[in-house]
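Inspection log for the structure reproduced underneath, given as structure tokens.
When reading the values below, keep in mind they use all heavy atoms of this one structure, side chains included, and skip hydrogens, waters and symmetry mates.
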Amino acid sequence: MLSTGIEGLDAVIGGGIPEGHIVTVFGAYGTGKTTFALHFIHEGLKNGEKCIFISLDEDERSIMDTAKGFGMDFEQYSENIEIIKLDPVAVKESMDKVKNDLLSAIKQMGAKRLVIDTVSILEGLFDEKDRWLALSHLRDIIKKSEVTAIFTSEADKYSQTTSKYGILEYVSDGAIALKYIRKSEIEEPILALEVVKMRRVKHSRKLTPYMITDTGIRVLEGAELF
Ligand SMILES: Nc1ncnc2c1ncn2[C@@H]1O[C@H](COP(=O)(O)OP(=O)(O)OP(=O)(O)O)[C@@H](O)[C@H]1O
Ligand SMILES: [Mg+2]
């Protein structure tokens with residue numbers, strides 16, 4: 001099991017993320033997807049593991065700054081981390097090359113943790129039948145490399161328990177929904193997460209509140225929502 005590095009979360013997902021699994025973390029804008037992924041990487045770096053962060057939206061500088069803002073200093077681990085900004089259109093056009101490069105990068109580096117933030121940007125460039133194919137190929141490549149991966153995705157516009165295109169949940173071993181819960185229009189919304197899937201793991205399905213603070217995400221395990 002790999003710790004997520006997020007306070008209170010490992011207990012909710014049954015101890016952590018099993019090695020070699022792909023877990024998709026999805027939610028609306030600002031729910032903390034990138035922050036979640038940064039914690040996962042930072043935890044690896046603290047353990048001396050090699051990590052790859054592939055970003056399809058923010059550039060390397062912005063990723064480093066966001067991490068720093070939460071007190072995660074990636075610079076001191078520069079030997080163990082690769083932050084790669086990829087242009088989603090270029091990725092789509094040379095999917096085979098990207099997959100080969102990714103596999104050899106993971107192998108060469110001996111990477112233990114991988115993040116792809118935000119996979120749904122890439123998904124959006126494919127039509128429905130090619131989307132499934134592209135994602136399952138990506139999954140196969142990652143499975144071959146034995147790395148443990150976090151994918152992030154936007155959520156469906158109407159259902160917070162579904163990723164934007166509804167495919168990543170099937171392609172991944174685990175899926176965690178980050179949600180805004182509104183008691184009423186005039187009250188401040190609460191953030192809460194739901195583990196919708198975690199293969200081979202005994203996990204809770206309870207909606208668990210979390211906060212984003214100066215040190216990142218803190219899951220309020222055992223707290224009542226209302
Ligand atoms: N110090 C802080 N205290 C409280 N909330 C914070 C703090 N820093 C960031 N946030 C909140 O966390 C959010 C950023 O989270 P993050 O970038 O991880 O979200 P995201 O789901 O990746 O968003 P996007 O879909 O835009 O990429 C901010 O929009 C803000 O609401
Ligand atoms: Mg983000």
Side-chain angles (χ1 to χ4, degrees), residues 1-6 9-10 13 16-26 32-60 62-64 66-67 72 74 77-88 90-92 94-123 134-154 163 167-176 178 197-199 201 216-217:
M1 290 277 206
L2 296 188
S3 171
T4 56
I6 295 174
L9 180 62
D10 291 346
I13 59 172
I17 300 177
E19 273 189 54
H21 275 205
I22 299 173
V23 174
T24 290
V25 176
F26 62 95
K33 303 178 293 292
T34 301
T35 309
F36 188 116
L38 291 171
H39 278 292
F40 176 72
I41 293 294
H42 189 235
E43 179 64 20
L45 294 173
K46 283 194 298 183
N47 297 337
E49 296 161 9
K50 312 240 191 252
C51 303
I52 300 179
F53 191 111
I54 295 179
S55 172
L56 295 167
D57 62 53
E58 293 177 59
D59 64 26
E60 181 179 346
S62 161
I63 300 283
M64 300 277 269
T66 308
M72 307 177 208
F74 283 6
Y77 302 106
S78 56
E79 282 189 5
N80 280 350
I81 184 167
E82 271 310 329
I83 301 178
I84 306 165
K85 165 77 187 6
L86 293 178
D87 170 19
V91 172
K92 189 200 172 216
S94 55
M95 206 53 196
D96 285 336
K97 182 177 181 311
V98 168
K99 282 184 286 198
N100 288 336
D101 288 356
L102 181 61
L103 187 57
S104 50
I106 294 170
K107 288 216 159 130
Q108 222 165 48
M109 193 179 174
K112 184 121 177 147
R113 298 183 186 227
L114 167 74
V115 159
I116 306 183
D117 183 43
T118 313
V119 177
S120 48
I121 296 178
L122 182 63
E123 286 181 274
L135 288 182
S136 53
H137 283 162
L138 190 61
R139 184 231 4 238
D140 294 346
I141 289 287
I142 290 173
K143 288 287 173 185
K144 247 190 235 168
S145 71
E146 291 170 14
V147 78
T148 307
I150 297 282
F151 286 177
T152 68
S153 167
E154 295 153 87
S163 73
I167 299 175
L168 278 170
E169 293 88 324
Y170 295 98
V171 171
S172 312
D173 301 290
I176 300 173
L178 305 181
K197 165 174 171 174
M198 203 60 72
R199 279 181 189 145
V201 171
I217 297 176

Closest approach of Tyr77 to Lys46 (non-hydrogen atoms, all atoms of both residues): OH-CG, 3.6 Å
Chi angles and distances behind the side-chain contact (heavy atoms from CB on, under 4.5 Å) call for Val98, Lys92: CA-CA 9 Å; Val98 168; Lys92 189 200 172 216; over 6 Å; no
Donor-acceptor contact present, side-chain His39 to main-chain Gly216, <3.5 Å: no
Nearest heavy-atom neighbours spanning Met1 and Gly16: SD-O, 3.4 Å
Distance, nearest 0.5 Å, that separates CD1 of Ile52 from CD1 of Ile41: 8.5 Å
Atom CD of Glu169: over 12 foreign heavy atoms under 6.0 Å: yes
Point-to-point distance, once rounded to the nearest 0.5 Å, from CD1 of Ile116 to CG of Leu102: 6.0 Å
Atom pair CG/CD of Leu56 and Glu123 - distance to nearest 0.5 Å: 10.5 Å
Contacts of type side chain to side chain donor-acceptor pair (under 3.5 Å), residue Ser3, not counting sequence neighbours: Asp10
CA sep, side-chain torsions, deciding dist, call: Ile13, Val201, side-chain contact (heavy atoms from CB on, under 4.5 Å): CA-CA 8 Å; Ile13 59 172; Val201 171; 5.6 Å; no
Ring geometry between Phe74 and His42 (parallel below 30°, tilted from 30 to 60°, perpendicular above 60°): parallel
Step-by-step side-chain contact (heavy atoms from CB on, under 4.5 Å) determination, Thr24 to Val119: CA-CA 9 Å; Thr24 290; Val119 177; over 6 Å; no
Under the side chain to side chain donor-acceptor pair (under 3.5 Å) test, residues paired with Lys97 that sit two or more places apart: Asp101
Rounded distance (nearest 0.5 Å) linking atom CG of Leu86 with atom CG of Leu122: 9.5 Å
side-chain contact (heavy atoms from CB on, under 4.5 Å) assessment of Val115 paired with Phe40: CA-CA 8 Å; Val115 159; Phe40 176 72; 3.9 Å; yes
Shortest non-hydrogen contact from Leu138 toward Lys99: N-CD, 4.1 Å
Which atom of Thr118 lies closest to which atom of Thr152, heavy atoms considered: CA-OG1, 3.3 Å
Side-chain donor-acceptor contacts of residues 144-151 below 3.5 Å, not counting sequence neighbours, with atom names and distances?
unit_1, atom_1, unit_2, atom_2, d
Ser145, OG, Ile142, O, 2.7
Ser145, OG, Val147, N, 3.4
Thr148, OG1, Gly20, N, 2.9

Ser120 side chain vs Glu154 backbone, donor-acceptor pair below 3.5 Å: yes
Where Ser153 and Ser163 come nearest, the two heavy atoms and their spacing: OG-CB, 3.7 Å
Gap separating the NZ atom of Lys50 from the CD1 atom of Ile81, nearest 0.5 angstrom: 12.0 Å
Distance, nearest 0.5 Å, that separates CZ of Phe36 from CG of Leu178: 7.0 Å
With Lys85 via side chain to side chain contact (heavy atoms under 4.5 Å, CB included) - residues at least two apart: Ser55, Asp59
Flag side-chain contact, heavy atom, 4.5 Å: Ile22 against Lys143: yes
Qualifying residues under side chain to side chain contact (heavy atoms under 4.5 Å, CB included), relative to Thr66, sequence neighbours excluded: Leu38, Glu58, Ser62, Phe70
Side-chain heavy-atom pair Met95, His137 within 4.5 angstrom cut-off: no
Set of residues satisfying side chain to side chain donor-acceptor pair (under 3.5 Å) with respect to Glu19, sequence neighbours excluded: Lys112
